[in-house]
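Predicted, not measured: the structure shown is a model, and the values here were computed from it. Note that ligands are numbered from 1 as they come in the structure, with each ligand's atoms numbered from 1 the same way.
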Amino acid sequence: MSRALVAIVGRPNVGKSTLFNKIAGRKLAIVEDSPGVTRDRNYTRAEWLNHHFTLIDTGGIEPDSEELIPSLIKKQAQIAIEMAHVILFVVDAKAGLTSTDREVAQLLRRSKKPVVLVLNKVDNDKVSEHYYDFYELGFGDPMEISASIGLGIGDLLDEVVANFPEGVETDYEDDVIRVAIAGKPNAGKSSILNSILGEERVIVSPIAGTTRDSIDTYFEHGDDKFILIDTAGIRKKKKVEAGVEKYSVLRTVAAIDRSDVVLIVIDATEGVTEQDTKVAGIAHEEGRACIIVINKWDLVEKETNTMRDYTREVRDQLAFLSYAPVMFVSALTKQRLDKMIEKIKFVSNQHAMRVQTGVLNEVIAEAMMLNQPPSDKGKRLKIYYVSQTNIKPPGFTVFINDKELMHFSYQRYLENKIRENFGFEGTPIRFYCREKQ
Ligand code: GDP
Ligand code: GDP
């Protein structure tokens with residue numbers, strides 16, 4: 001399912017992060033199987049009346065340097081304009097209208113994207129003394145909210161959802177594999193994209209019904225259909241100033257959001273960097289299938305065990321992605337690109353695979369026999385029944401006697417047993433524990 005992207009913009013201290021947290025609140029409380037990757041919480045999934053969207057707080061992007069505030073905010077607004085379907089422009093009812101608000105408004109107006117003007121810090125039902133000043137910004141009636149108290153948020157979200165462009169939430173065709181090419185600048189993402197599209201067996205054609213500014217690419221390879229998702233900056237190079245790494249991470253988030261399979265492209269001459277780890281962590285947490293692609297392999301001097309040693313090092317650094325295949329390619333010489341396309345198809349199938357309940361429970365029963373479930377203070381974990389309740393990524397609901405007794409290490413053991421028996425290569429697996437007496 002495709003989701004809309006909503007971005008919050010505005011100058012510092014107007015309450016952007018308070019609003020972000022208010023909307024994100026419920027979601028953030030869910031404890032996920034975290035790989036221990038630190039990640040900036042400036043984006044989240046959110047849901048309102050059966051609409052699912054991704055919310056980004058552009059203010060959460062810290063400046064790399066002592067950048068001047070107005071230029072920083074403008075940059076953030078540009079990111080929002082580039083990526084978002086709807087923009088929440090937050091202003092401050094207590095402080096009133098400022099010149100920075102006016103500058104941001106000018107950028108946003110020119111973008112022609114839907115903008116919802118949010119007048120924050122209206123903590124009671126009195127109309128703000130500055131209310132009418134904000135009409136000057138040209139976005140109609142300001143929507144009054146109090147992010148900290150939580151007033152007006154429902155109405156605001158109604159308005160956000162009403163502004164989603166048509167078609168943004170359509171279901172994807174099931175037989176098309178959506179691929180995001182992620183990685184840091186210069187890793188070779190655009191070269192890989194162009195090399196794939198230049199392959200002999202690849203037939204590129206335009207996608208019907210895509211929006212004007214979408215530059216996703218549809219192609220067929222044999223009987224298989226793919227869409228290479230545009231990560232702005234791959235096809236259209238550097239529209240927004242480069243240099244601020246966090247921006248490229250945000251763009252990657254948007255692409256990963258719409259993908260089935262993520263290629264995590266690593267520059268072979270540099271190895272795994274912190275940003276690669278971050279991107280890999282996002283793909284993992286978002287439950288996408290992944291392939292670790294070591295590009296520029298042509299530049300690496302090889303001896304007998306170079307590939308084996310390199311793999312070991314990558315595995316070490318991206319330990320939480322132990323399920324992801326590692327491939328060594330060269331966009332330049334096209335080495336193993338054909339294989340990579342086949343691998344994309346393969347992990348995508350694994351991502352969507354369902355196993356039969358009967359066989360699954362046999363595997364679990366055998367696993368429990370080989371390695372007894374843990375116990376605590378005389379009480380032992382009992383697993384009654386396991387059933388696969390999700391795909392993309394595969395999710396297993398485990399009916400047990402007591403959640404406290406399900407230790408991470410035992411869950412990991414069960415995961416390994418499931419993988420040994422069924423594969424699930426390239427895809428994360430989720431467990432949901434349910435107590436049953
Ligand atoms: P940001 O810089 O735009 O992300 O702003 P913050 O969310 O960090 O908020 C800046 C300040 O405004 C903080 O002290 C918040 O507690 C305060 N604030 C945020 N929302 C409200 C609100 O609805 N009412 C009031 N009175 N204060 C708020
Ligand atoms: P992007 O920023 O990730 O899209 O990276 P580019 O595709 O623009 O590549 C960055 C640089 O690396 C360019 O100079 C490419 O020609 C070069 N490059 C990309 N892939 C390869 C490769 O497989 N081998 C070699 N030797 N150079 C490559």
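Taking only nitrogen or oxygen atoms, main chain and side chain alike, Val14 reaches within less than 3.5 Å of ligand 1. Between Ser330 and ligand 2, a contact under 3.5 Å exists for at least one N or O pair. At under 3.5 Å, a nitrogen or oxygen of Leu332, whether backbone or side chain, sits near a nitrogen or oxygen of ligand 2.
Interface atoms of ligand 2 facing Lys184, defined by a heavy-atom separation under 4.0 Å, are 3 (O). Those atoms of ligand 2 that come under 4.0 Å of a heavy atom in Asp298, given as number and element, are 22 (C), 23 (O), 24 (N), 25 (C), 26 (N). Remark: ligand 2 atoms within the under-4.0 Å shell around heavy atoms of Ser191 are 6 (P), 7 (O), 9 (O), 15 (C), 19 (C), 20 (N). Interface of Lys189 with ligand 2, defined as ligand atoms under 4.0 Å from a residue heavy atom, comprises 1 (P), 2 (O), 3 (O), 4 (O), 5 (O), 7 (O). Counting atoms of ligand 2 from 1 in the listed order, those under 4.0 Å from a heavy atom of Asn186 are 1 (P), 2 (O), 3 (O), 5 (O), 10 (C). Listed by atom number, the atoms of ligand 2 under 4.0 Å from Leu299 heavy atoms are 26 (N). Here is the list of ligand 1 atoms found below 4.0 Å of a heavy atom in Lys16: 1 (P), 2 (O), 3 (O), 4 (O), 5 (O), 7 (O). Close approach to Lys94 involves these atoms of ligand 1, each under 4.0 Å from a residue heavy atom: 26 (N).
Classification of Lys278 and Glu274 as a salt-bridged pair fails, no side-chain N sitting under 4.0 Å from a carboxylate O. With respect to Lys296 and Asp267, a salt bridge is recorded, a charged nitrogen being found less than 4.0 Å from a carboxylate O. Using a 4.0 Å cut-off between charged nitrogen and carboxylate oxygen, Glu425 and Lys343 count as a salt-bridge pair. Ionic pairing of Lys417 and Glu420 is present here: one or more N-O contacts between side-chain nitrogen and carboxylate oxygen are shorter than 4.0 angstrom.
The salt bridge (charged side-chain N to carboxylate O under 4.0 Å, His left out) check on Glu103 picks up Lys74, with sequence neighbours excluded.
Taking the six-membered ring where tryptophan is involved, the planes of Phe164 and His51 are perpendicular, since the angle between them exceeds 60° and thus also 30°.
Neither the backbone nor the side chain of Leu19 has a heavy atom within less than 4.0 Å of ligand 1. By the criterion of a heavy-atom distance under 4.0 Å, the backbone of Arg11, and not its side chain, is placed next to ligand 1. Only the side chain of Asp123 comes within 4.0 Å of ligand 1, counting heavy atoms alone; its backbone N, CA, C and O stay farther away.
Taking the centre of each ring, Tyr413 and His407 stay at or above the 6.0 Å mark.
For atom 10 (C) of ligand 1, the nearest protein heavy atom (residue, atom name, distance) is Asn13 OD1, 3.4 Å. Closest protein heavy atom to atom 16 (O) of ligand 1: Thr18 OG1, 4.5 Å. When hydrogens are left out, the protein atom nearest atom 8 (O) of ligand 1 is Ser17 OG, 3.3 Å; that is the closest non-hydrogen contact. Taking atom 22 (C) of ligand 1 as the reference point, the nearest protein heavy-atom neighbour is Ser148 OG, 2.9 Å. When hydrogens are left out, the protein atom nearest atom 27 (N) of ligand 1 is Lys121 CD, 3.8 Å; that is the closest non-hydrogen contact. Among protein heavy atoms, atom 20 (N) of ligand 1 sits closest to Asn120 ND2, 3.1 Å. What sits closest to atom 23 (O) of ligand 1 on the protein, heavy atoms only, is Ala147 N, 2.9 Å.
Counting only N and O atoms by type, the side chains of Asp123 and Ser146 include a donor and acceptor under 3.5 Å apart. Looking only at atom types and distance, the side chain of Thr98 has a donor-acceptor partner in the side chain of Arg11 under 3.5 Å away. Side chains of Asn305 and Tyr310: no donor on one and acceptor on the other come within 3.5 Å.
Summarising the contacts of atom 9 (O) of ligand 1 with Gly15, Pro12, Gly152, Ala95, the nearest heavy atom is found in Gly15.
How far CD1 of Ile291 is from CE of Met340: 7.0 Å, rounded to the nearest 0.5 Å. Note: Ile429 CD1 to His351 NE2 = 11.0 Å, rounded to the nearest 0.5 Å.
There is no protein heavy atom closer than 4.0 angstrom to atom 14 (O) of ligand 1. The protein reaches atom 5 (O) of ligand 1 closely, with a heavy atom under 4.0 angstrom from it. There is a protein heavy atom closer than 4.0 angstrom to atom 25 (C) of ligand 1.
For the ligand labelled ligand 2, residue Pro185 lies inside the 4.0 Å heavy-atom shell. Using a 4.0 angstrom heavy-atom cutoff, Gln335 does not count as in contact with ligand 2.
Enclosure of atom CD in Glu313 is not indicated, since only 12 or fewer non-hydrogen atoms of other residues, nucleotides or ligands lie within 6.0 angstrom. For Glu404, the CD atom counts as loosely surrounded, since its 6.0 Å shell holds 12 or fewer non-hydrogen atoms of other residues, nucleotides or ligands. For Lys302, the NZ atom is densely surrounded, since the number of other residues' heavy atoms within 6.0 Å is greater than 12.
Minimum heavy-atom separation, Ser259 to Ile229: CA-CD1, 3.5 Å.
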